[in-house]
Amino acid sequence: MFNSFSEIAVPTTQIDLSLFNIDNYQLLIKREDLIHPFVSGNKFRKLKYNLQAAQEQGHKTLLTFGGAFSNHIAAVAVAGKKVGFKTIGVIRGEELKGKIDANPTLSLAKKCGMQLHFISREDYKNRAAEEFIKSLQNQFGAFYLLPEGGTNNLAVIGCEEIINEPANSAQYICTAVGTGGTMAGLVKASNENQFVLGFSALKGTFQTSEILKYTSKSNFKITDDYCFGGYGKIDLELIRFINEFKEKTEIPLDPIYTGKMMYGIMDLLKRRQFTENSCIFAVHTGGLQGIAGMNQKLKKKNLPLIE
Ligand SMILES: *Cc1c(COP(=O)(O)O)cnc(C)c1O
């Protein structure tokens with residue numbers, strides 16, 4: 001069952017910062033990416049208690065939303081198959097309907113038996129509206145609803161479990177931020193001497209208000225200084241950084257989330273923006289399944305690939 005995942009002890013690695021000409025700091029990386037190639041990192045944490053609840057409520061089907069390269073869609077498809085749920089993915093963009101096999105995330109989802117339902121970008125904006133959910137129920141029957149990105153109360157509780165003993169010695173806890181659900185869990189699990197720093201994968205820091213729905217703590221901040229122009233956007237410098245980081249540390253990073261976070265952490269370390277001699281606990285939230293899709297785009301543009 002899904003519980004078998006949680007028996008995996010996720011290692012925390014200390015990075016040799018001298019490889020990056022940085023001294024006087026400690027950097028720990030929690031390797032949540034190692035949980036599973038597709039149900040990885042925070043997506044596993046977010047699904048854990050939701051799948052349990054769906055089972056307890058007698059549901060047979062999971063329905064969720066996502067874009068064409070969504071780590072959440074991949075995780076729901078693979079986890080659903082493993083646990084024995086039927087899965088339905090409502091995908092943004094009707095134009096993708098005929099292109100499933102050319103897209104690594106969607107073809108994986110299809111292979112796992114996920115029923116893919118493509119809707120226009122216009123309709124997708126209504127994804128949280130009650131009326132729209134009702135129309136999906138009329139079409140597909142009863143389902144357990146997982147919101148886009150998987151963030152809800154149970155997801156945040158699951159993400160609190162990312163913080164474990166090695167984090168105790170850290171003054172900073174860092175994560176990549178999409179909807180803010182993962183960061184909400186980290187803030188809740190942090191202690192008052194710790195500061196949680198979120199690196200937004202998209203323009204803006206609107207996730208702050210999402211986080212405040214789950215906690216009244218204020219020991220956190222989100223920056224979009226390292227979003228590289230927006231969601232899914234990358235440039236040569238980021239590609240080079242991701243490849244260099246892997247070469248030096250043997251840790252792969254994804255281009256949408258963890259690559260941007262780590263670029264940001266390294267930049268802040270070099271500019272000595274963290275308290276001197278402090279320890280930084282960075283969460284590798286996974287997402288490595290997104291590399292294949294990004295490399296397809298890079299290849300078309302004749303740019304270097306992520307190795
Ligand atoms: C989805 C995702 C995030 C963002 O998580 P939120 O809880 O939505 O903020 C961060 N990193 C990776 C690798 C992800 O797949």
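All figures in this text were calculated on a predicted structure; none of them were measured in a lab. Just follow the structure's listing: the first ligand is 1, and inside any ligand the first atom is 1. Numbers here simply count residues along the sequence, with the first being 1. Note that these values count all heavy atoms, side chains included, but never hydrogens, waters or copies made by symmetry.
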Between [X] and [Y], is there a side-chain N and carboxylate O pair less than 4.0 Å apart?
X	Y	value
Glu95	Lys99	no
Glu307	Lys246	no
Asp254	Lys260	no
Lys97	Glu94	no

Atoms of ligand 1 less than 4.0 Å from [X] heavy atoms?
X	result
Val177	9 (O)
Gly178	4 (C), 5 (O), 6 (P), 8 (O), 9 (O)
Gly287	13 (C)

Identity of the nearest option to atom 7 (O) of ligand 1, non-hydrogen atoms only, from Asp254, Val283, Ile222, Thr182: Thr182

Quick one: does [X] get a heavy atom under 4.0 Å from ligand 1?
X	answer
Gly41	no
Lys43	yes
Lys46	yes
Gly286	yes

Neighbour count above 12 (heavy atom, 6.0 Å) for Glu131 CD: no

Between Phe245 and Phe20, ring centroids under 6.0 Å: yes

Option among Tyr144, Phe85, Phe143 that satisfies the ring pair (Phe, Tyr, Trp, His ring centres under 6.0 Å) test with His59: Tyr144

Atom 11 (N) of ligand 1: the protein heavy-atom neighbour that sits closest, reported with distance to 0.1 Å: Thr285 OG1, 2.7 Å

Residue, atom name and distance, where the atom is the protein heavy atom closest to atom 3 (C) of ligand 1: Asn42 ND2, 3.1 Å

Glu247: partners by side-chain contact (heavy atoms from CB on, under 4.5 Å), with sequence neighbours left out: none

Nitrogen or oxygen atoms of Gly180 and ligand 1 under 3.5 Å apart: yes

